[in-house]
Amino acid sequence: MTDIPLDPVEDSSLKLVTIERHIQEQQRLHPNATGKFTAMLQDMALAAKLIARQTTRAGLSNILGPTDSRNVFGEVQQKLDIYADQTIFKMNDHTGRVCAMVSEEHDKLIDIPPHYDTGNYVLIYDPLDGSSNIDVNVSVGTIFSIHRKFTRGERGTIDDVLQEGKRLLAAGYVIYGSSTMMVYTTGRGVFGFTLDPGIGEFILSHPNIQIPLKPLYYSVNQGHEKYFTPGTRHFIKWLQGMEGEGHAPLSHRYIGSLVSDFHRNLLKGGIFLYPATTDEKGQYGKIRLLHEAQALAFIAEQAGGHASDGIGPILDIKPHSLEQRTPLFIGNRELVEKAEHYIREHDKDWISRYKPYRLGDI
Ligand code: AHG
Ligand code: MN
Ligand code: MN
């Protein structure tokens, strides 16, 4: 019988800290942080509560199902995609903290309306990750990251967005699952908060998350096996203990929501891989560098893990376009580095085709 999670007041092992108070405390660790940055993180927590309210009612309110529109990636937009996207935009468009926003649901930079002030921060977000799971009641999420504006002038520019992940100020995700959790980092550790719906507060439940040294899971869409590169095939066989010196076979878990697969592997140890494939569509990967990979890579590295596109760190990639894709290997460092080893050994052709794309030369 699993322990029923204690009421945060009764669970003496937990300091009773709300996310708002934690963010305030984090601000003191950043001498040049302004209250604006702190307030922006708090705004994301409020947006998460609003979206959570809809995801937990998706079966009841008319928020289910597809719209008749498609996003920049050609994917059908779910009603909840649009609701989450609008919630995050309206939470940030008027605050004077943001100079530009970039959303997976929009093909261009989202300007701050001219009648509002602008600020020093760029917000990049995937408003709803794992959309294909909404209608079947499987957990979905939100992914966000924050860059500091560095160009001159009031308005944010595309250059302020296309920064390497290693320059991020903050990153986080929300997972709308059996409970709603918000996990974030400002570069000083990773902290997880669980929403107590009874009081509408995110309470610190996972202080200073570190990925366990002993991995338990690997996550990949096995249905794409026909199109995996030789390097990926060798790597998966190694994960299953059937290649080379072999690894103790890991259990396979794949939910189809990146946030959920990532979150499980972060807490239990493991690797999520969405590799490039040999077919035209998947040759550069599917995961979005800006809206998904950079944020989770920042969190993974802060938690003692690692994230790579198979060639090098995700955080070192200089983005060249808003809709840039990337292969993604993220989780325990030893597993990610093993993937890089097999790709270096067996995927020289693919590497020669991918490198020009990675550099924006095609
Ligand atoms: P999104 O719903 O924001 O488009 O993201 C879906 C992504 C990611 O969440 C997930 O890991 C992956 O797509 C699943 O892709 P497959 O269905 O091809 O496995
Ligand atoms: Mn996504
Ligand atoms: Mn999405």
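Note that ligands are numbered from 1 as they come in the structure, with each ligand's atoms numbered from 1 the same way.
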Q. Is there side-chain contact between Lys318 and Leu162, with at least one heavy-atom pair below 4.5 Å?
A. yes

Q. Does His341 have its ring centroid less than 6.0 Å away from the ring centroid of Phe235?
A. no

Q. Taking side chain as C-beta onward, heavy atoms only, is Tyr176 less than 4.5 Å from Val259?
A. no

Q.
Test of understanding: given a 4.0 Å heavy-atom threshold, classify the contact between His291 and ligand 1 as side chain, backbone, both, or neither.
A. neither

Q: Please state which part of Ser131 comes within less than 4.0 Å of ligand 1, counting heavy atoms only: side chain, backbone, both or neither.
A: both

Q) With respect to atom 3 (O) of ligand 1, which of Thr277, Val220, Asp126 exhibits the smallest heavy-atom separation? A) Asp126

Q. What's the spacing between Leu266 CG and Gln302 CD if we round to 0.5 Å?
A. 11.5 Å

Q.
Just to check, does Val259 reach to within less than 4.0 Å of ligand 1 when the distance is taken from its heavy atoms?
A. no

(Q) Measuring centre to centre across the rings, with the benzene-like ring taken for any Trp, is Phe89 within less than 6.0 Å of His106? (A) no

(Q) Between Leu128 and the Mn ion (ligand 3), is there a contact where an N/O/S atom of the residue lies under 2.8 Å from the metal? (A) yes

Q: Examine all N, O or S atoms of Asp126, backbone included, and report whether one is under 2.8 Å from the Mn ion (ligand 3).
A: yes

Q) So, His224 versus Tyr274, ring centres under 6.0 angstrom or not? A) yes

**Q.** the Mn ion (ligand 3) - closest N/O/S atom in Glu104
**A.** OE2

Q: Pick one of side chain, backbone, both or neither for how Asn221 approaches ligand 1, counting any non-hydrogen atom pair under 4.0 Å.
A: side chain

Q. Does ligand 1 have a heavy atom under 4.0 Å from the side chain of Leu258, from its backbone, from both, or from neither?
A. both

